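Heads up, the thing below is written out as C-alpha cells.
Sequential numbering from 1 along the given sequence is applied to the chain's residues. This is a predicted model, so every value here is computed, not measured.
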Amino acid sequence: MPTSEATPNFTQITIGYSDSEDRLWVRLSGRRAGVLFWLSRRMLKLLLRSTFDLLARGQPPEVFSAKHQEIVAQLKPAGAPKGPDDPASKRATEQFGLLNSVDVSVNGARLSLNLRGAGGSASFACDRPRAHQLLQAFWNRQRHAGWDIEAPWAVDEQAAPANQS
C-alpha cells in the first residue's frame, strides 16, 4: 500500500563519531537537505555482519573476505578521520534520532539501505564496490572510536584446512 510520504533517497553518506554521545552518527545528504541518525555499537555490529553476509551470499567466507580486501585496496582511500565533527551544527540536517532498524538488500550489483529512527526513515543505495568501501568506512570509524568490533571479513587462518590434496 503506497504511503503519502515516500522515503527520501539520498546520494551521499558521511559517518562520524561523537565522544559526548559515544555513538557513531550517519548523515545522509542530497541536493536539498540531509538527515542524521545516531548509531549504537550493537546496531553497527548487526549492520556490518548482515550487510557483509548479504554481499557474500553463496561464496566461501575466505574467498569473499579476500575479494573485499582487494576491492577496498583498489578504491581511493577516504583518509583518516578528521577529528570531532558536530552534526548538529549542520543547519540543513534533520535529526532522525537513534537508528532503530535498517533494512539491507542486495539486488544484483546494488546495495540498498533503508534506515529508520524515531524521526523518520531515509534510504541510500550504491554499487557493490562502494558497498565494500562503505562497510570498510563504518568499520574504520568504529575502530578509531575504540569500539573493537571484529571485522566480518576477518578470516581465522586456523579454521581453513591446512592442505587440500
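Inter-residue side-chain proximity for Val102 and Thr51 is flagged as unmet; no heavy-atom pair is nearer than 4.5 Å. In this structure the side chain of Leu115 never reaches within 4.5 angstrom of the side chain of Phe96, judged on heavy atoms. In this structure the side chain of Val63 never reaches within 4.5 angstrom of the side chain of Lys67, judged on heavy atoms. By the 4.5 Å heavy-atom criterion applied to side chains, Met43 and Leu98 are not counted as neighbours. Proximity of Leu113 to Leu28: side-chain heavy atoms (C-beta onward) are nowhere separated by under 4.5 Å. Side chains of Val106 and Arg128 form a contact here, defined as non-hydrogen atoms less than 4.5 Å apart.
Of the residues Phe37, Trp25, Trp38, the one that meets the side-chain contact (heavy atoms from CB on, under 4.5 Å) test with Gln95 is Trp38.
For the residue pair Trp153 and Leu135, the shortest heavy atom distance occurs at CH2-O, 3.8 Å. Of all heavy-atom pairs spanning Gly16 and Arg141, the tightest one is CA-NE, 3.7 Å. For the residue pair Asn9 and Ala125, the shortest heavy atom distance occurs at OD1-N, 4.2 Å. Considering every non-hydrogen atom in both Ala131 and Leu111, the closest pair reads CB-CD2, 3.5 Å. Heavy atoms only, all atoms of each residue included: Ser50 and Val104 are closest at OG-CG2, 4.3 Å.
The distance from atom CD of Glu21 to atom CG of Leu39, rounded to the nearest 0.5 Å, is 13.0 Å. Asn100 CG to Ser121 OG: the interatomic distance, rounded to the nearest 0.5 Å, is 10.0 Å. If you take CH2 on Trp147 and CG on Leu24, they are separated by 4.0 Å, rounding to the nearest 0.5 Å. Put simply, CD on Gln136 and CD on Gln69 are 8.0 Å apart, with the number rounded to the nearest 0.5 Å. Taking CD of Gln74 as the reference point, atom CD of Gln133 lies at 12.0 Å (rounded to 0.5 Å).
Applying the salt bridge (charged side-chain N to carboxylate O under 4.0 Å, His left out) rule to Arg116 yields the partners Asp103; only residues at least two apart in sequence or on another chain are considered. Partners of Arg41 by salt bridge (charged side-chain N to carboxylate O under 4.0 Å, His left out), not counting sequence neighbours, listed by chain and number: Asp22.
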side-chain contact (heavy atoms from CB on, under 4.5 Å) between Ser29 and Gln12: does it pass, once the steps are laid out?
CA-CA 5 Å; Ser29 55; Gln12 296 177 340; 3.3 Å; yes
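Within the 3.5 Å criterion, the main-chain N or O of Ile149 finds a donor-acceptor partner in the side chain of Trp139. No side-chain donor-acceptor contact under 3.5 Å links Arg110 to the backbone of Ser105.
Under a hydrophobic-cluster definition in which Ile, Leu, Val, Met, Phe, Trp and Tyr are linked whenever side-chain heavy atoms come within less than 4.5 Å, directly or via other members, Leu134 and Leu54 are assigned to the same cluster.
For residues 99-137, the ring-ring contact (aromatic ring centres under 6.0 Å, His included) pairs, not counting sequence neighbours, are Phe64-His132, His68-His132.
At a cut-off of 3.5 Å, with distance as the only test, no side-chain donor of Ser123 or Asn114 sits close to an acceptor on the other residue.
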